[in-house]
Amino acid sequence: MGRGQATTLFRVCSSKNNVSRVRVMLSNRYFHSVRKLDECVSEENQFSTPFDVSRREFSTSLIDMVRFRYHSENTKFAEYDIVKARTFSSLVENGGSVDDGSACKSNMVDADAEQENGISSVDSVDDDRIEIDGSDEGGIYVSNSSESECDNNEVDSNDIARFQQLSASDPVELYRELRNAEKGSKVKRSDCDKLREVFHLFSNSGWAANQALAIYIGKSFFPTAASKFRSFFFKKCPADVAKYLLSLGPSEEANKFLFPIFVEFCLEEFPDEIKRFRRLIQSADLTKPHTWFPFARAMKRKIIYHCGPTNSGKTYNALQRFMEAKKAIYCSPLRLLAMEVFDKVNANGVYCSLLTGQEKKHVLFSNHTACTVEMVSTDEVYDVAVIDEIQMMSDPCRGYAWSRALLGLMADEIHLCGDPSVLNIVQKICSETGDELHEQHYERFKPLVVEAKTLLGDLRNVRSGDCVVAFSRREIFEVKLAIEKQTNHRCCVIYGALPPETRRKQANLFNDQDNEFDVLVASDAVGMGLNLNIRRVVFYSLSKYNGDKIVPVPASQVKQIAGRAGRRGSIYPDGLATTLHVDDLDYLIECLKEPFEDVKKVGLFPFYEQIELFAGQLPNITFCNLLDKFGENCRLDGSYFLCRHDNIKKVANMLEKVQGLSLEDRFNFCFAPVNIRDPKAMYHLLRFASSYSMNIAVSIAMGMPKGSARNDAELLDLETKHQVLSMYLWLSNQFEKDVFPYVKKAEIMASDIADLLGQSLTKACWKPESRQSGKPKADQKEDGYKRPRSLIKAYEKKKQEKTSSEKFSA
Ligand SMILES: Nc1ncnc2c1ncn2[C@@H]1O[C@H](COP(=O)(O)OP(=O)(O)OP(=O)(O)O)[C@@H](O)[C@H]1O
């Protein structure tokens, strides 16, 4: 979306969304509070009637928000059927029980919140006969039993009748009564302690903290508000209310009883805090994303979902329509795939340009473009658009790019290619956007056959046309080394850190039947985008490190990778899949049998304009904190999640020390393609940003390597160098060209390094090193080939043990 268009539209939409948000609140029955809230927060006072609109969710911190249910099975007075008709503002309709307070662990006053809101700290209780809350007048007094007004803890029938009345009473009335009371009642020390426990539980209640968000009491302010409420209550509490609370004790019922009174108290006591928090929440509104693209909404779009497993001809058919169209765009998940389509389409005589973060190849007279999905323009009108691998809408990090393309593309016909996992959610989105959805279902050209024999744990059983899949760079080189040492096969290598050009060359080398490279060793990077002559996919392992621990490879990924075997048109049209170890075979079969999981949510991420709007509410905080706050406070509709942005935050953190970058510059730098685990690449990014901030021409400052790599350290160095150049090129496309004057040089260097990487891989026969330490792992055997073992069995066993021990302890 063009910046200007996005800004204007976003402002329009954000004000629309404000209306809907308040409508949601009004759809609850707690009219009074909401009306008061309106008075309190809205100058225009335009939302005074209830509407019935769909519900919203806050994002990360509010995932478990529950709705107050006034009827509790556990209530002490259930037999009188009186626990009803207590209503209050709430956003979420989903049922659920009051939680255990985990969302709000402490009732200590949040010092920052106190400062922020200009509120002094919590009052304290002294010892014997000292009134609570420092007032001689009107507090609940700790008294000896003779003076106590509710010292008789026995509940008689009169009490029950009164309790019944209290629990069903209008909280507004009750609050007024409390507010107008001259003085609170006197209670025994033990009762006073019990009341304190009641309020302690209330302040710690995650449920109450969540519910309070509905009246714009933020989580950081909730403990302060709760402690002020406690002080107020202790000052004013009449005997019967105290007795009722004592009878409830610290419990969910007590929380439910107190909450609506708390709401009244907050609306009256904290109008400024509420206004401020409401503005903050409004500026982090990601609800109704389909309304962000009114021009796309104005079009009558036809969406064709090509739905099926890998190797079923989905992309082929969509590309036929792409090539026939007058003006068309193809959105790819990878640079590599965009390049493939660019080459293929031009070879078919249709002029096509290429657009990725790193390269813009404009072909004269072209009306067709192959681009990476992040680069797609939502400002241009097309006849046909193709969005490949649409299931990536649910990708935790990059999903937002697919969601944006689907919601925002201005094309008469949009072809989505992917597995069925997002079909339901696409149907839902289309019903919101008003687009016409057509489904085309596909079957695999030839079924994939599982080879039950496996490789029996021995890489010497590898055959020509095999693709051995491993899930780490280290394993890939170990496997290559072992195969080349113990057999006559030569291996090509494909993994994510290699430049797309190098991956393509390795793929061509493997596909070409006239050379000795007949085995491919690859990571999951092989799962998408390459047409390969694979006869059999062999899983070296089916577990991988997820950045935290070893976990089984998800079934969807196993399917995607296994599906690479036996492509139509390749020399092996019948595909086989197997594992290295017999132990892993069951898991492979299970994964292949498993139906595609139905995705419930797809990704979103704010545009720069949204972040800018939000930043206006929180001046003087770092960009990294701003992202955190946005994550905490943003609201999303039920079909969306906020994409993970840990990497962006890491970069934001590093760039904090760079002075003179505007918010927009920071935002853009944070999306640069950098491997955050590579200190050298991070250093160069910091250098680029520093030069840019000083308006100094950004230099490459990196020498060209002398030749191909002779060991793994040199190979890693080539990979890093290529990544840095790729980052330079990416930045040159985001920022003013004249600040990045060495684009041509960077392109030439990148291309030369990609060649060197290719040459290095063909002769690579060394042990892999870790990127961090640069040293081989200690458990590495000297002869280079340690017989691998299956982790799936161990994992399953551990899981079983855990389940049975849980059962046992239950
Ligand atoms: N009608 C066809 N005529 C000739 N070749 C075809 C036809 N349909 C598909 N193919 C070829 O079959 C192979 C697989 O097709 P395609 O890439 O479209 O499958 P896909 O379902 O999109 O798989 P993936 O999701 O793995 O990309 C490709 O090499 C493609 O060129």
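Counting convention: from 1, in listed order, for ligands and their atoms alike. Every heavy atom of this structure was used, including side-chain atoms; hydrogens, water molecules and symmetry mates were not.
Residue contact check: Thr310 has heavy atoms under 4.0 Å from atoms 23 (O), 25 (O), 26 (O) of ligand 1.
Residue Pro309 places a heavy atom under 4.0 Å from ligand 1. The closest approach between any non-hydrogen atom of Tyr442 and ligand 1 is not below 4.0 Å. Using 4.0 Å as the threshold, Arg564 has a heavy atom nearer than that to some atom of ligand 1.
For the side-chain contact (heavy atoms from CB on, under 4.5 Å) test with Cys331, the passing option among Val341, Val373, Val386, Leu406 is Val373; the others fail. When Lys544, Arg473, Arg564 are each tested for a salt bridge (charged side-chain N to carboxylate O under 4.0 Å, His left out) with Asp524, only one passes: Lys544.
Between atom OG1 of residue Thr579 and atom OH of residue Tyr540 there is a gap of 13.0 Å, rounded to the nearest 0.5 Å. The distance from the OG1 atom of Thr762 to the NZ atom of Lys505 is 11.5 Å, given to the nearest 0.5 Å. Atoms CZ and CG, on Arg535 and Leu520 in that order, are 13.5 Å from each other to the nearest 0.5 Å.
In this comparison of Asn317, Asn311, Leu532, the heavy atom closest to atom 23 (O) of ligand 1 sits on Asn311.
In this structure, Phe477 and Tyr495 have perpendicular ring planes: the angle between them is above 60°, well past the 30° mark.
Some N or O of Ser312 is nearer than 3.5 Å to an N or O of ligand 1, by distance alone. An N or O contact shorter than 3.5 Å is missing between Phe445 and ligand 1 by distance. In terms of polar-atom proximity, defined here as any N/O pair under 3.5 Å, Lys314 does make such a contact with ligand 1. Looking at ligand 1, you'll find an N or O of Tyr316 within less than 3.5 Å of one of its N or O atoms.
Annotation: side chain of Ser760 is in contact with side chain of Leu718 (closest heavy-atom distance under 4.5 Å).
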